[in-house]
There are 2 protein chains.
Amino acid sequence: MTLVTASPLPRKRATVHDVAREAGVSRGTISRMLNGDGYVSADARERIEAAIRKVGYVPSTTARNLVRQRTNAVGFVVHEPHALFLEDPNIGAILLGANEALSEADHQMVCLVVGSERDAERVGRYLRGGFVDGCVVVSAREHDPITAVVRAAQLPVAFVGHPPDLQDMSWVGIDNVASAHEITSRLLATGRHRVAMIAAALDRDSGADRLAGFRQALGDRFDAGLVARVEHYAYSDGVRAMTELLDRAPDVDGVFAASDALAAGALEALLRAGRRVPQDVGVVGFDDSAWATRCTPPLSTVRQPAEGLGRAAARSVLAQIAGEQRAPAAILLDTPVVWRASA
Amino acid sequence: MTLVTASPLPRKRATVHDVAREAGVSRGTISRMLNGDGYVSADARERIEAAIRKVGYVPSTTARNLVRQRTNAVGFVVHEPHALFLEDPNIGAILLGANEALSEADHQMVCLVVGSERDAERVGRYLRGGFVDGCVVVSAREHDPITAVVRAAQLPVAFVGHPPDLQDMSWVGIDNVASAHEITSRLLATGRHRVAMIAAALDRDSGADRLAGFRQALGDRFDAGLVARVEHYAYSDGVRAMTELLDRAPDVDGVFAASDALAAGALEALLRAGRRVPQDVGVVGFDDSAWATRCTPPLSTVRQPAEGLGRAAARSVLAQIAGEQRAPAAILLDTPVVWRASA
DNA sequence: TTGAAAGCGATACCAG
DNA sequence: CTGGTATCGCTTTCAA
């Protein structure tokens, strides 16, 4: 640890008052100018601009927020950061999509990370306390405290995904059942007979629905013994599940993994077991994340429009803030199948 | 898109005033109670609590921030989100570390993403406008507008990494030169003679320093022809660079990649070229990210204490806010070498 | 076109 | 222990 120089004198922030005195006008005039209400003489405008530069004035966001009763900021609430920011490749894209949409509307996205009980409580306070005008919530689970808070606060909100207790709040998502059904069918169409699934996150709708779609696609051929259940969508879970599956059913010739990361793990396990993909076993994933193309062979998968989800959620919140969208809506985005070499 | 139900009536928020009237006490008493200054009779306390519940009172963060002249929130500013949130595995861990430290101090972390000019301008406004009490900045480049803003605002700040124009602001980081030197030496010690490097992000200190350390370790044996330069720390860059390197110098028997993602890409290219790792070519990476263990063979690498960086940065900011740490400091964290099977 | 004044919703000091 | 009052920094009628 190295010390470098001494700290500078802490100068006090300039206020409208200072600018007013300096420019010889009233604070009202300054405010009007800054907020573009027109009706400011060229003369006054000039003097104010000079004064602002001279005293180094920057309006106080806080004071402005208080009087306007709005912040022009929208929260982006993320849960379980460990599982998400570090493992889920979608979260970053969703965040980017949301930021883009908000930026276009000149709103500030403030991302709030909930990593503990304590965080949940504090984030709740900020949310209800008017720190933001609305928020996007990703990966809420059932009975999520955040869900309760935004409902109680009647805050404009859009969820990404739909926990069962959303009631009358808006959400955006994809049709997990249909997507899983489709890709499973495609896999079956390659002539596989013993198709397994690596299912994950069954306590969330995404996980449960993908399993449901898989089951639906198999119909009579569904064999519960060919479903490996794991906790997370992670690579290591995929390795473990596939190893177990090979053990249980050595004749397996097809696998639908509930995420690309899981599929990549499965690939690794298959490789270790000496199986060739796609010759011996066909593998398909879900997400079309970076995993899909970095695997060997590249994964056939379902494209999850992550950025689009973020954008749509943000737009929904903005519409609610603007008072346009009155009724809660459920927005489903398309999920094209991307067919590559793994099946 | 499905419409669900009608929206509820927008009730107005209760204020201290309402609670005061309801409980028959003055607003001062309520404030004292809420802010734990003691000195509130059991009787008053009870009536206030009841009143709060009854009118559904939640203090306004905004109003409180204004009068207190502090928000108890710290910004976490991220640049170039595409490169970072989607590619850099460290950013998530840094964010988590920072959040953890802030949470312990009961401060709210608000993550602000700068994805465009417009974002930079807006984030600058929020930062200077007192939206947060201080901030952590990751991945600032030279002449970064954010750097200028925090300097001008004299905002308590800690950078993760150190762009050259930091002047007297605090930062936390690692010794990239020494780390690169060490792992290169270890690689050489395995008996390699033609050791190449895949260098990236040479416009940032991390990238340039890793190259410098590599060069230093090689001394006389340094051969500029064995350095492949790429833009990003990404997997695909690694594949490309390694392919090129094999082309240029087929006798290469060792590679130091400036990140694990690059190393993973290199592994892929080597595999394709029919080289065995570590028998024919030894490969080492940097970061000790998830890449390192998910590769085959797992990577020998340098552990970058990402969470620790986030925590340290956050602590530094907190100390500055508390007025403890007056002088700017440079904090370097340790980077142990993690030796696995790839070299 | 501009100034004066009334809030926005809390906190904090000061008598009592 | 508690109530009154000034204040935080800005926006926004309302007259002039």
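Chain letters run A, B, ... following the sequence lines, proteins first, then strands; residues in each count from 1.
Look at A:Arg53 and A:Glu49 and you find no salt bridge, because none of the NZ, NE, NH1 or NH2 atoms lies under 4.0 Å from a carboxylate O.
Residues B:Thr29 and B:Ala63 each lie close to DNA chain C; by heavy-atom proximity, the contact nearer the 5' end of the strand is made by B:Ala63. Residue B:Ala42 is the one, among B:Leu66 and B:Ala42, whose nearest nucleotide of DNA chain D lies closer to the 5' end (criterion: closest heavy atom).
In this model, the phosphate group of D:dG9 is not approached by any side-chain N or O of A:Ser60 to a distance below 4.0 Å at OP1 or OP2. When the side-chain nitrogen and oxygen atoms of A:Ser41 are compared with OP1 and OP2 of C:dT2, one or more of them lie within a distance under 4.0 Å. At D:dC10, none of the side-chain N or O atoms of A:Arg27 fall inside 4.0 Å of OP1 or OP2 (strictly under the cut-off). Distances shown here put every side-chain N or O of B:Gln69 at or beyond 4.0 Å from the OP1 or OP2 atom of D:dT7. Contact between the side-chain N/O atoms of A:Tyr57 and the OP1/OP2 oxygens of D:dG9 is not found at any separation under 4.0 Å. Between C:dC8 and A:Asn65, no contact under 4.0 Å exists linking OP1 or OP2 to a side-chain N or O.
If you measure from atom CZ of A:Arg128 to atom C1' of C:dA10, you get 17 Å, rounded to the nearest angstrom. Between the CZ atom of A:Arg32 and the C1' atom of D:dC14 there is a distance of 11 Å, given to the nearest Å. Separating the NE2 atom of A:His17 from the P atom of D:dT11 is a distance of 15 Å, rounded to the nearest angstrom. B:Arg70 places its CZ atom 16 Å from the C1' atom of C:dA10, with the value rounded to the nearest Å. Regarding A:Ile30, its CD1 atom lies at a distance of 12 Å from the C1' atom of C:dT2, rounded to whole Å. Between the CZ atom of B:Arg64 and the P atom of C:dA10 there is a distance of 9 Å, given to the nearest Å. Rounded to a whole Å, the CD1 atom of B:Ile48 is 13 Å from the P atom of D:dC1. Distance B:Arg45 CZ to D:dC1 C1': 12 Å, rounded to the nearest Å.
The aromatic rings of A:Phe131 and A:Tyr126 lie perpendicular to each other, with more than 60° between the two planes, well past the 30° mark.
Under the 3.5 Å distance criterion, with hydrogens and angles disregarded, a donor-acceptor pair is assigned to the side chains of B:Thr71 and B:Asp133. Inspection of the B:Arg64 and B:Asn35 side chains reveals an N or O donor paired with an N or O acceptor under 3.5 Å.
Here the CZ-OG1 distance, from B:Arg68 to A:Thr62, works out to 13.0 Å after rounding to the nearest 0.5 Å. The line from CG of B:Asp165 to CG of B:Asp144 is 8.0 Å long, rounded to the nearest 0.5 Å.
Residues meeting the salt bridge (charged side-chain N to carboxylate O under 4.0 Å, His left out) test with B:Asp119, sequence neighbours left out: B:Arg122.
Contact record, B:Pro164 with B:Glu142: CG-CD, 3.4 Å, taken as the closest heavy-atom pair.
Across its full length, the helix from C:dT1-D:dA16 to C:dG16-D:dC1 shows an angle of 40° between the axes of its 5 terminal pairs at either end, rounded to 10 degrees.
Distances were taken from every side-chain heavy atom of B:Asn35 (C-beta onward) to each of C:dT11, D:dT2, D:dG3; the shortest belongs to C:dT11. Closest to the side chain of A:Thr15, out of D:dT11, D:dC8, D:dG9, is D:dG9.
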